[in-house]
Amino acid sequence: MTVPRVRIESLERHVGQRVEIAGWLQHARSSKHVHFLYVRDGSGVVQVVVAASDVPPALFDQAGGLPLETSLVVRGTVRRHPRRDELELGLDELDVVSRPVREYPISPKEHGVDFLMDHRHLWLRSRRQQAILRVRAEIVSAIREYFDSRGFVLVDAPILTPNACEGTSTLFETDYHGQKAYLTQSGQLYAEAAAMAFGRTYCFGPTFRAEKSKTRRHLAEFWMVEPEVAFMDLEGDIALAEDFLTNLVARVLDRRRAELGVLERDVAPLERIRPPFVRLRYEQALEILREAGQPVRFGDDLGGDEETVLSQRFDRPVVVTHYPMSLKAFYFKRDPSDPSRALNMDVLAPEGYGEVIGGGQREDDLAALEAAIEAHRLPRAAFEWYLDLRRYGSVPHAGFGLGVERTVAWICGLHHVRETIPFPRMLHRLAP
RNA sequence: UCCGGGAUAGCUCAGCUGGUAGAGCGGGCGGCUGUUAACCGCCGGGUCGCAGGUUCGAAUCCUGCUCCCGGAGCCA
């Protein structure tokens, strides 16, 4: 007799029926006459009850002697828990698929971060990590849908590049058939080329930074989505960022509320996310920081502490604009009304999370861009192709980059970005 | 690279001013209960990060090294 294979998330449709569940033994409790097995199948966890009075003695003993993370197929009848508002399975048949060869390393008790990261490949099985990665998957899906449904064409940038895109960050160097090559730190310059072909584009992929950063907001390998739009100015860029970010948050609230519940994320601050965001010019941001007791001077960049102070001050994201040109990369367009300022914007997520978006309007004037490359002492030859974009039909254009892991950390309410990516790459971690 | 903290049982940790190691959890065995990170009893389990030094004697004090954690800088 065949029994329908059912995922735990859809058990509600099978109450009273006999079904089959395939999964892993997550936890177990035993007594003389009854075993409680907690079976996880990736869609949820269900309590499987094995009663001595209902099954043959051999099956009862087998069910009580299974180690954690045994993979198994169970069959039985779906019924309501006698005391709790949940479903359970009354087992009548059990197939062990594979029994662990030794004790499962992750016990239901406490573990340190380093131990868990060493066992990241197993840690992913835990309820909390599953919740985080489901939110991440939802955000990635929402990003693609947002741009795909608004006429943006996905044009991915290369990961191996011949030179430093911006000339600022430290890059990972690799050997490319005898030639030096670098792992990309940003797809932006390539996205600009794509924008001149398609008008609205975005690239979405991994990026790499070799700086020896060891903070809760840094990874050596992280994912970034970078929209780039022709005939768009800074104002349009900010409006796009506002609408985009609002959309992402709403999507997670709509579809991943249960996961946010697992993470004990207070959703009230997320429900307040809607345009318009708070706008601050660089000097206004400095003023607020000084009032808050931060010793910042004109010309200072805003570091982690400063971002935290600013983003804790408002209940909506903060957009900081018009930084001094000296702080920004060569490709930013200067503000025509004050050429010492860049037409740039950073979006700081609230609740102390800080920068999740950085972008702005690009320099579209050939002579100005040539001068900027020279002023930054960048190798001109490597940028000839980029200069071509200004030689042939240059137009005002703008874009930004959103860091996926920081966004996931913020929306999930996490303290550290390392849990927001399946297998983090950090200063002291290349494995598993 | 800088500042701070750390490395003791499978895991999380205790071990004060030197006298050759303990607890909880996990595991094994037994008991008990429609159990909820269940509970009770018993059991095994350690080159105290590495290398030197001081001392009758070092997990403990000193020096060097390695590795890790938190933060800074840099940035998404």
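Just so we're on the same page: letters track the sequence lines, and every chain starts at 1. Computed from a predicted model, the values in this text were never measured in an experiment.
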Proximal nucleotide (of [options]) relative to the [X] side chain:
X        : options             : answer
A:Phe222 : B:A76, B:C74, B:C69 : B:A76
A:Lys212 : B:G70, B:G34, B:U1  : B:U1
A:Ser213 : B:C68, B:G70, B:C74 : B:C74
A:Phe115 : B:G27, B:G70, B:U12 : B:U12

Expressed in angstrom and rounded to an integer, what is the separation of [X] atom [atom1] from [N] atom [atom2]?
X        : N     : atom1 : atom2 : value
A:Met426 : B:G71 : CE    : P     : 11 Å
A:Arg217 : B:C75 : CZ    : C1'   : 10 Å
A:Asp85  : B:U36 : CG    : C1'   : 15 Å

[atom1] spacing across the pair [N] / [M], given as an integer number of angstrom:
N     : M     : atom1 : result
B:A9  : B:G15 : C1'   : 14 Å
B:C3  : B:C39 : P     : 46 Å
B:C48 : B:A59 : C1'   : 5 Å
B:G26 : B:U36 : P     : 14 Å

Worksheet item: Is the distance between the ring centroids of A:Phe330 and A:Phe383 less than 6.0 Å?
Response: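 So the answer is yes for these two rings.
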Discussion item. Taking the six-membered ring for Trp, are A:Tyr146 and A:Phe152 closer than 6.0 Å centroid to centroid?
Written reply: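 No, ring centres 6.0 Å or more apart.
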Worksheet item: With sugar-phosphate meaning primed atoms plus P, OP1 and OP2, does A:Tyr38 contact a base, only sugar-phosphate, or nothing at under 4.0 Å between heavy atoms?
Response: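 Touches a base.
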Worksheet item: Under 4.0 Å between a side-chain N or O of A:His416 and OP1 or OP2 of B:G70?
Response: yes
Worksheet entry | Flag side-chain contact, heavy atom, 4.5 Å: A:Trp223 against A:Ile143 | no
Worksheet item: When you measure from the side chain of A:Glu307 to the backbone N and O of A:Glu355, does any donor-acceptor pair fall under 3.5 Å?
Response: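 Indeed, once roles are kept as given, a pair shorter than 3.5 Å links the two residues.
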Worksheet entry | Aromatic-base stack, A:Phe36 on B:G34, cutoff 5.5 Å, angle under 30 | no
Fill in: Any-strand Watson-Crick or G-U partner of B:U66, both distances under 3.5 Å
B:A7
